[in-house]
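The structure appears below as structure tokens.
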Amino acid sequence: GQNIDQPTEMTATEGAIVQINCTYQTSGFNGLFWYQQHAGEAPTFLSYNVLDGLEEKGRFSSFLSRSKGYSYLLLKELQMKDSASYLCAVRDYSGGYQKVTFGTGTKLQVIP
Amino acid sequence: DSGVTQTPKHLITATGQRVTLRCSPRSGDLSVYWYQQSLDQGLQFLIQYYNGEERAKGNILERFSAQQFPDLHSELNLSSLELGDSALYFCASSLTSGDSYEQYFGPGTRLTVT
């Protein structure tokens with residue numbers, strides 16, 4: 001099985017930078033995803049990492065260290081609309097299947 | 001708009017009843033996933049189908065079942081409903097069962113059991 005940990009809540013100021021961490025334990029690791037979910041809405045894909053290192057996409061970046069079972073999502077130049085839950089999800093390969101497991105999410109509140 | 005459609009948007013029913021939730025994947029996507037999201041819990045993976053066949057099972061109760069039809073749409077059947085089954089049920093699709101790294105989520109069906 002998998003164990004995914006991320007902080008429950010975070011608060012940051014508009015215009016600032018925030019880092020949301022995710023740690024995981026799994027065998028057969030085959031990729032880590034970050035999704036954004038606004039309250040009552042569907043999750044939307046933000047980023048994907050399968051190799052160690054940093055992936056940058058505009059204001060959002062995601063980092064992965066497979067040896068440490070660790071990832072973070074970095075949000076720069078925070079905007080009020082970035083207030084949402086951020087879900088870390090790990091894909092692994094076991095029993096002949098690829099399976100994606102989601103963490104419980106980090107609720108980010110951006111304040112003026 | 002992700003291209004994934006789910007019906008109905010809202011469903012209110014009584015305990016003990018049975019309901020069917022429907023999902024149409026994005027055009028060309030072969031894989032369908034079902035998730036349950038309760039108010040105090042994260043996204044719980046229920047089950048995955050790929051091209052009509054079951055590929056992975058998560059925390060799906062025996063009272064729940066699903067299938068994927070030849071036209072690739074999927075249905076999630078929930079029976080003997082309990083109050084605790086009230087949740088948002090999401091369907092997601094992806095091109096393949098594993099090679100594609102992105103799942104596209106539908107808008108969800110909000111189920112309320114009274």
Where do I4(A) and T101(A) land on the side chain to side chain contact (heavy atoms under 4.5 Å, CB included) test, with the steps shown first? CA-CA 8 Å; I4(A) 301 173; T101(A) 302; 4.0 Å; yes
For side chain to side chain contact (heavy atoms under 4.5 Å, CB included), just list the numbers for I17(A) and L78(A), CA-CA rounded to whole Å, side-chain angles, deciding distance to a tenth of an Å, and then say yes or no. CA-CA 6 Å; I17(A) 299 173; L78(A) 279 172; over 6 Å; no
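Using a 4.5 Å cut-off between heavy atoms, Q44(B) does not touch chain A at all.
With sequence neighbours excluded, no residue forms a ring pair (Phe, Tyr, Trp, His ring centres under 6.0 Å) with F60(A).
Contacts between residues 105-114 of chain B and chain A, counted as heavy-atom pairs separated by less than 4.5 Å, involve F105(B), G106(B), P107(B), R110(B).
Aromatic pair Y35(A)/F102(A): ring centres closer than 6.0 Å.
Heavy atoms from other residues, nucleotides or ligands lying under 6.0 Å from CD of E77(A) number 12 at most.
Defined by atom type and a distance below 3.5 Å, a donor-acceptor pair is present between the side-chain atoms of Q103(B) and Y35(B).
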